[in-house]
Number of protein chains: 2
Amino acid sequence: MASKKPAGKKVPQTTVSRMSLYYRALKQMLGNGITATSSAALSKDVGFNDAQIRKDLAYFGQFGVPGRGYEVESLLEAIAGVLGINRRWKVALVGVGHLGYALLAYKGFGDQGFDICCAFDNDPDKIGKTWEGVPIHDIAEAVDVLREKQIELGIIAIPEAAAQNALDTLVVGGVKSVLTFAPGRLRVPPGVRVRRVDLAMELEWLSYHATSVT
Amino acid sequence: MASKKPAGKKVPQTTVSRMSLYYRALKQMLGNGITATSSAALSKDVGFNDAQIRKDLAYFGQFGVPGRGYEVESLLEAIAGVLGINRRWKVALVGVGHLGYALLAYKGFGDQGFDICCAFDNDPDKIGKTWEGVPIHDIAEAVDVLREKQIELGIIAIPEAAAQNALDTLVVGGVKSVLTFAPGRLRVPPGVRVRRVDLAMELEWLSYHATSVT
DNA sequence: TATTGTGAAGGAATTCACAGCC
DNA sequence: GGCTGTGAATTCCTTCACAATA
């Protein structure tokens with residue numbers, strides 16, 4: 001449960017995302033029967049500088065052997081421990097519109113240890129139903145359900161106007177980490193972490209680069 | 001069509017995403033009848049340092065008046081020009097699974113000037129149908145359709161295994177900017193830009209932070 | 001020989017601070 | 001007085017380069 005940081009330096013924002021990529025690359029190696037690797041080999045797979053990879057890993061411990069490299073399986077476990085995916089997480093979904101339903105139906109989350117175990121909506125036609133094995137509750141009952149089921153992570157997939165309410169509800173229910181797809185800024189209480197995915201922004205990034213033909 | 005860069009310095013990676021946020025904040029101001037603003041006021045809305053905002057804008061021109069600030073409407077237009085959203089873009093969607101359907105159904109894209117005007121899949125049950133007003137073609141015919149309709153942007157919403165093929169097909173069809181939801185690394189031809197959104201990675205970011213209780 | 005872990009160097013992005021303009 | 005635009009200072013991140021280790 002405890003993280004493996006040896007009281008080291010501050011971990012850069014960017015390092016965590018790269019750790020996810022190392023994890024994938026290593027898992028694929030393991031699937032291919034490769035048992036040993038090196039920062040140079042990983043570098044080829046993920047596209048970052050090899051020193052970058054060594055430095056990222058070093059924030060969390062010493063996992064390699066000088067002259068030999070890394071043992072794939074043990075490094076995988078180490079990274080899983082760092083990312084907190086060597087366990088299962090209970091996730092609540094707020095909003096079962098098209099996007100919410102896509103998230104419900106996406107099997108990949110379960111494979112990674114994320115169990116969407118309840119959903120909330122305000123549409124009477126959906127409340128009480130069970131979709132993809134997940135019960136849909138009235139958003140008005142969310143706090144009780146969240147507390148009872150001890151939900152730890154939340155996903156917000158509703159329009160911007162209702163997103164702040166959804167976040168506040170999740171927080172009251174004990175959720176401290178939230179992924180949101182709603183655009184717009186949220187007031188985030190202290191101790192709570194919100195990660196935003198903004199699809200329109202990503203498209204705008206594309207149109208910017210397509211416009212200024214570099 | 002031409003971008004408004006006055007042959008200035010290199011634009012930081014991060015600036016473009018922030019421009020999208022400025023755009024939203026300004027649009028909201030305009031909706032509220034606010035006609036003038038300042039970097040300090042914008043700073044309150046978007047949460048970045050005011051100097052940051054001025055510097056971001058300065059990469060693309062001089063839009064403000066010292067002592068007075070910015071005129072909301074003209075700044076909006078300027079940013080729209082920079083981002084390339086003062087026009088409409090034709091977008092192709094590859095993969096009409098749950099996520100693809102959610103993207104088809106999302107009205108927000110149209111509002112921002114992005115028209116998903118064709119979709120591709122390999123499921124015979126879907127090919128030939130029209131969903132949300134968008135015709136679904138056989139992925140095998142994609143190159144012809146892309147060229148004929150002069151599609152400029154692509155969205156990939158299919159599993160990892162088929163993503164590379166999808167990208168290659170889009171590129172042959174003339175698409176140079178692609179947003180992908182498939183995890184895993186893609187071989188990207190020169191001159192093509194790929195932006196990746198990785199939902200599992202975002203959840204892992206949450207679990208990391210929920211684990212190492214800062 | 002091969003490779004890690006890391007201090008030092010280099011580069012990129014952010015913030016400071018202020019001259020100049022309204 | 002208020003605010004922009006921008007050089008300078010600072011902070012943050014990446015890459016280099018090498019001593020240490022197997």
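In what follows, chains carry the letters A, B, and so on, assigned in the order in which the sequence lines appear, proteins first and then strands, with residues in each chain numbered from 1.
- Closest approach to the N49(B) side chain among dT6(C), dC13(D), dC16(C) is made by dC16(C) (side chain taken as heavy atoms from C-beta onward).
- Residue F48(A) contributes atom CZ, which lies 9 Å from atom P of dT14(D) at whole-angstrom precision.
- Looking at K55(B), its side chain comes within 3.5 Å of the base of dT15(C) through a donor and an acceptor atom.
- Between Q52(A) and the phosphate of dC16(D), there is no side-chain N or O to OP1/OP2 separation shorter than 4.0 Å.
- In summary, the side chains of Y23(A) and E204(B) do not present any donor paired with an acceptor at a separation below 3.5 Å, with no hydrogens or angles considered.
- Counting to the nearest Å, the C1' atom of dT6(C) and the CZ atom of F63(A) are 15 Å from each other.
- Contact annotation: R18(A) reaches the phosphate of dT14(D) (side-chain N/O to OP1 or OP2, under 4.0 Å).
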Considering only nitrogen or oxygen atoms on both sides, find all protein atoms under 3.5 Å from nucleotides 20-22 of chain C and state each distance.
unit_1	atom_1	unit_2	atom_2	d
dC22(C)	O4'	P66(B)	O	3.0

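- Using a cutoff of 4.0 Å between basic side-chain nitrogens and carboxylate oxygens, D168(B) and R187(B) are scored as salt-bridged.
- The CG-C1' distance, from D56(B) to dT4(D), rounds to 14 Å in whole Å.
- Taking atom CD of Q62(A) as the reference point, atom P of dA20(D) lies 15 Å away to the nearest angstrom.
- For K10(B) against dG11(C), no side-chain N or O and base N or O form a donor-acceptor pair under 3.5 Å.
- OP1 or OP2 of dG7(C) sits under 4.0 Å from a side-chain N or O of K9(A).
- Within the nucleic acid shown, T15(A) has no heavy atom closer than 4.0 Å to any nucleic acid atom.
- Ring pair H209(A)/W205(A) is tilted by interplanar angle, where 30° to 60° counts as tilted.
- The side chain of T14(B) lies closest to dT14(C), out of dT4(C), dT14(C), dA17(D).
- Of the candidate nucleotides dT4(C), dT6(D), dT15(D), dT4(C) has the atom nearest to the side chain of S38(A).
- Straight-line distance from the CG atom of L57(A) to the P atom of dT6(C): 11 Å, rounded to whole Å.
- One interatomic measurement links the two molecules: CZ of R54(B) to C1' of dG7(D), which rounds to 13 Å at whole-angstrom precision.
- For the side chain to side chain contact (heavy atoms under 4.5 Å, CB included) with V178(A), the lone residue among V94(A), I156(A), V171(A) that qualifies is I156(A).
- Applying the 4.0 Å criterion to OP1 and OP2 of dG5(D), one finds that Y70(B) has a side-chain N or O inside that range.
- Across dA13(C), dT15(C), dT3(C), the shortest atom-to-atom separation from the side chain of Q13(B) is found for dA13(C).
- Atom-to-atom, CD of E71(A) to C1' of dT4(C) comes out at 16 Å; the value is rounded to the nearest Å.
- Ion pairing between R24(A) and D198(B) holds under the 4.0 Å rule for side-chain N and carboxylate O.
- Aromatic pair H98(A)/Y106(B): ring centres not closer than 6.0 Å.
- Look at CG on D50(B): it is 20 Å from P on dA13(C), rounded to the nearest Å.
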Self-check item: salt bridge (Lys or Arg N to Asp or Glu O under 4.0 Å) between R54(B) and D50(B), worked out
Solution: CA-CA 6 Å; R54(B) 294 196 298 278; D50(B) 59 333; 3.3 Å; yes
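- Between E152(B) and K90(B), no side-chain nitrogen of the basic residue sits less than 4.0 Å from a carboxylate oxygen of the acidic one, so the salt-bridge criterion is not met.
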